[in-house]
Number of protein chains: 2
Amino acid sequence: MLTERQALILKVIIDEFIETAQPIGSRNIAKREDVAYSPATIRNDMADLEDDGFLSKTHSSSGRIPSEKGYRFYVDHMMSPLQLSNDEVRLVQSQFDDRMIEMEKVMQNSAHILSELTQYTTLVLGPEVYETKLKQLQIVPINKQSAIAILVTDTGHVEHRSFAVPSEIDHSDLEKVVNILNEKLVGVPIIYLDRMIESEVIDLINRYTSNFQKSYDLIQKALFNHQTTSLYVSGKSNILMQPEFNDIEKARSLFNVMESEDQIAPILKTNQEGLKISIGHENEMEVMNNCTLITATYTLGENQIGTIALLGPTRMEYAKAVSLLDLWSNHMSQSLYRWFND
Amino acid sequence: MLTERQALILKVIIDEFIETAQPIGSRNIAKREDVAYSPATIRNDMADLEDDGFLSKTHSSSGRIPSEKGYRFYVDHMMSPLQLSNDEVRLVQSQFDDRMIEMEKVMQNSAHILSELTQYTTLVLGPEVYETKLKQLQIVPINKQSAIAILVTDTGHVEHRSFAVPSEIDHSDLEKVVNILNEKLVGVPIIYLDRMIESEVIDLINRYTSNFQKSYDLIQKALFNHQTTSLYVSGKSNILMQPEFNDIEKARSLFNVMESEDQIAPILKTNQEGLKISIGHENEMEVMNNCTLITATYTLGENQIGTIALLGPTRMEYAKAVSLLDLWSNHMSQSLYRWFND
DNA sequence: AATTAGCACTCGTTGAAGGTGAGTGCTAAC
DNA sequence: GTTAGCACTCACCTTCAACGAGTGCTAATT
C-alpha cells in the first residue's frame with residue numbers, strides 16, 4: 001500500500017513529532033541524512049500520505065503531524081522495539097528481588113518506577129480480590145471497646161478494619177468465632193466466602209450463645225462486606241509536563257477522570273491478554289481522545305490477575321513505552337509465580 | 001492604627017478579592033450597600049492603606065488587591081468565623097461515628113472529605129509511629145517460601161510486610177520466635193523496640209537453635225526496620241482549578257513539591273498547638289509563596305499526634321477554611337480519644 | 001516516468017499603532 | 001472631612017502590515 005519512500009517519510013515524521021511536538025515540514029525532512037530526496041519529492045509523498053489519512057495539517061500551509069491512523073500504522077507495522085538501556089533493565093530487575101514482597105507494595109512500586117522511567121502516568125490495577133483465597137483471619141483486640149480484624153489472602157494481600165466492640169461481648173467470644181471461621185473457611189476463594197458462611201458456618205454458630213452471633217455479625221461487617229478494587233496511580237502530574245496539556249482546561253478534565261477510581265478501573269479491566277494500545281479516539285472516554293493508553297496484563301500462574309497501563313499523549317514514545325511495559329509485566333508475572341506458587 | 005472606615009474598606013476588598021480574584025476598584029466598593037462613601041473618599045483611604053502596606057496594585061491605574069500584610073491583618077483581627085452550613089456540620093459529624101475505625105482510614109477519609117468541602121488540597125500527617133505502642137505481632141504463612149509479618153499498634157495502625165522464608169526454617173520456628181517477641185514486647189513504644197530487643201530478647205533467643213536466630217532476623221528485617229511517616233494528600237488537582245495557577249508552570253512546580261513526601265512532611269511537622277496560618281512568603285518554600293497553608297494539630301489524649309492542613313492560594317476563603325479545620329480537628333481528637341483510650 | 005527546481009500562495013506569528021475603559025491621583029468645591 | 005471633577009495611566013483589544021515556514025502546482029531535468 002505504502003511505497004517504501006512513503007513509509008520512510010511517515011516514520012520520520014512520527015519520530016520527529018514524538019520528539020518535538022511540532023508540525024514537520026518537507027525541508028526539515030530532506031535535511032536528514034537518512035533521507036536522500038528533495039523537499040519537493042517529499043512534499044508529493046506527504047500529500048499522498050495525507051490523502052490516505054496517515055497525516056494531517058494544523059492549517060493549510062503548516063507542516064504535517066501524524067493522524068491517529070498514522071500512529072496506528074506506525075505501531076502495527078513500523079515500530080522497532082527500543083533497546084532499553086542497561087541502566088533501565090537493571091533497575092527493573094532489581095525491583096523484583098527475592099526479599100520482602102507483598103501485593104500492595106509490588107503494585108505501588110510498579111506504578112512509581114514506571115512513571116519515573118517513562119514520564120507518563122502509570123495505572124496499576126491489582127488482582128480482583130475474588131480471584132484469591134482466604135489464608136487466615138485474625139482478631140487483634142486494641143482495648144475494651146475496639147478491635148482490629150485482619151484478613152490475609154494467599155496472594156499476600158492484607159485487609160484490615162477496626163471495629164467497635166460492644167461491652168457485652170468478650171474478646172474470648174470473638175476469638176472462638178474466629179477459630180470457627182478459620183477452621184471452615186481457610187482456602188475458600190474470597191468471592192465464595194459469603195455462600196460458604198451461609199451453608200457451613202451459620203448453623204454452627206447458631207448452636208452457641210447469642211454473643212457468638214453478635215461477634216460473628218461484627219466480623220462479618222468488618223471483613224466480608226466490601227469490595228476492593230485496588231488501583232494505584234502514579235505520576236499523574238507528569239501529564240502536566242506534556243505540551244499538549246498547556247491548555248489547562250484539558251489538564252483539568254483529565255485530572256478529574258484520573259481522580260475517580262470508578263471511571264478508571266473499567267477501562268483497565270476490559271482487556272485481552274498481552275499488550276493493547278489504544279490511540280486517541282480508540283479510547284472511549286472523551287477526555288482521553290488526545291491520549292494513548294497502553295495496557296499490559298500480568299499473571300499469577302495461568303490466570304491473568306491484573307493490569308498495568310501507561311497513559312500519555314498520542315504523541316507517545318511508543319517504542320520505549322511498549323518495551324518497558326512488556327519487560328515489566330513479564331518480570332512481574334514471573335516473580336509473582338515464584339512467590340505465590342509453592 | 002486603622003480608622004474604622006479603612007478597616008471596612010480593607011475587609012470589603014479582601015472579601016471581594018477572595019471571591020473574584022480580580023483587582024477591586026473604588027467605584028465597585030462604593031456601590032455596595034454596606035459602604036456609604038463616595039468613590040473619591042474610598043480612593044483616599046485605599047491610597048493610605050497602600051502606603052501602610054495592606055494593599056497593592058497590579059499596575060499604576062489598576063484596582064487594589066490585598067497584600068500579604070493585608071491578609072495577615074484580616075486573619076488576625078477582622079475575620080469573623082464562618083457559620084458552617086448544617087449540611088457541612090452534619091457531614092463532618094457523620095464521619096466520626098462509632099463504627100469501624102482505624103487510623104489509616106481516618107486519615108485517608110479526612111483528606112478526602114476536607115478537600116471536597118473546601119476545594120483546596122488537604123494534607124494529613126499521621127501519628128509518628130514511635131508515639132505508639134506495640135499491641136501484637138503476628139506471622140501468617142502464605143506458602144513454603146513466604147510469609148507475612150503483621151504488626152498492630154495501640155492506635156489501630158497495622159503494618160505488614162511479606163518476606164521470603166528460607167527452606168531450612170520451619171514455620172513453627174517463626175511462630176515460637178513471635179511468641180517470645182510478643183511476650184516481651186507488647187506494650188513497648190515502637191521507638192524503643194530496638195533497644196528492648198537488644199536488652200531483653202536477644203539473649204533469650206540465642207539460647208535456642210540457630211534457626212531461631214535466623215527467624216528472628218527475618219522478622220526484624222520485615223517489621224522493625226523502616227520508618228513510617230504516613231502522609232495522605234487529597235485534592236491535589238483542586239489547585240489546578242484556581243485561576244492563580246492558570247500559569248501552568250506554577251502548577252507544575254507546586255505539583256512537583258506535593259509529589260514528594262520528603263518535602264511536605266517537614267512543613268507539616270514543625271508545628272505548635274492549634275491552628276497556624278502561613279500566608280505567602282511566610283511559607284519557607286518558594287513555590288508556596290503565593291499559597292496559604294493552614295495547619296491544625298490533632299491529639300490523642302494529651303499528646304499531639306498529627307497534623308492536618310489545607311493548602312490553597314493566598315486568596316483563600318479563610319473564614320471557611322479555618323472553621324472547617326477547627327471543627328474537624330476537634331471531632332477527630334475527640335473520636336480518637338474515645339476509640340483508643342480505655 | 002520519476003524527480004526536482006521554481007514560484008505563487010497560504011496562514012500563523014509577531015509587533016506596532018490606535019482606541020477603549022476601568023481605574024487612579026490630585027485639586028478645588030461643598 | 002467629604003465629594004465632584006478632571007487629567008492621566010495602563011492593560012486589553014482590535015487592526016494592520018511584515019515575515020517566514022510551509023504548501024501545491026507547473027515546468028524543466030534526469
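Within every chain, numbering begins at 1; the chains are lettered A, B, ... in the order of the sequence lines, protein sequences first and strands thereafter.
When only modelled atom types and interatomic distance are considered, B:Tyr232 and B:Thr122 share no side-chain donor-acceptor pair under 3.5 Å.
If you take CG of B:Asp45 and C1' of C:dG25, they are 14 Å apart, rounded to a whole angstrom. At whole-Å resolution of the value, CD in A:Gln22 and C1' in C:dT13 are 12 Å apart. B:Arg27 has its CZ atom 13 Å from the C1' atom of C:dT24, to the nearest Å. If you take CD of B:Glu4 and P of D:dT2, they are 12 Å apart, rounded to a whole angstrom. Look at CD1 on B:Ile42: it is 18 Å from P on C:dC26, rounded to the nearest Å. Atom C1' of nucleotide C:dC30 and atom OH of B:Tyr37 are separated by 18 Å, given to the nearest angstrom. As rounded to whole Å, 11 Å separates atom P of D:dT23 from atom CD1 of A:Ile9. At whole-Å resolution of the value, CZ in B:Arg43 and P in D:dT3 are 11 Å apart.
In this structure, of D:dG24, C:dG12, C:dT24, it is D:dG24 that holds the atom nearest to the side chain of A:Ala47. With D:dT3, D:dC10, C:dT24 as the candidates, the nucleotide lying closest to the side chain of B:Ala40 is D:dT3.
Of the two residues near DNA chain D, A:Asn28 and B:Arg5, the one whose nearest nucleotide lies more 5' is B:Arg5. Nearest-nucleotide positions on DNA chain D for A:Gly25 and B:Ser62 put B:Ser62 closer to the 5' end.
Cation-pi geometry between A:Lys250 and A:Phe245 is not satisfied (NZ or CZ under 6.0 Å from the ring centre, within 45° of the ring normal).
Nucleic acid contact class of A:Thr41 (heavy atoms, under 4.0 Å, all strands): base. At the heavy-atom level, A:Asn44 lies under 4.0 Å from base atoms of the strands shown.
Looking at A:Met46 and A:Gln6, their side chains never come closer than 4.5 Å, going by heavy atoms from C-beta outward. Looking only at side-chain heavy atoms (C-beta outward), A:Leu84 and A:Leu324 come within less than 4.5 Å of each other.
A side-chain donor-acceptor contact under 3.5 Å links A:Glu88 to the backbone of A:Ser85. B:Glu282 places a side-chain N or O within donor-acceptor distance of the main-chain N or O of B:Ile279, the cut-off being under 3.5 Å.
No hydrogens or angles were tested; on distance alone, a donor-acceptor pair under 3.5 Å links the side chain of A:Ser61 to the base of C:dT10.
Defining each end axis of the helix from C:dA1-D:dT30 to C:dC30-D:dG1 as the rotation carrying four pairs' C1' atoms onto the next four, with five pairs an end, the two axes are found to diverge by 20° to 10 degrees.
Here B:Ser60 does not reach the OP1 or OP2 of C:dT24: none of its side-chain N or O atoms lies under 4.0 Å away. For C:dG12, neither phosphate oxygen OP1 nor OP2 lies less than 4.0 angstrom from any side-chain nitrogen or oxygen of A:Lys57. Taking 4.0 angstrom as the limit, A:Arg64 places a side-chain polar atom (N or O) nearer than this to OP1 or OP2 of D:dT23.
Taking the six-membered ring for Trp and thresholds of 30 and 60 degrees, B:Phe17 and B:Tyr71 have ring planes inclined between 30 and 60 degrees apart.
Annotation: B:Arg27, atom CZ; neighbour count of heavy atoms from other residues, nucleotides and ligands within 6.0 Å does not exceed 12.
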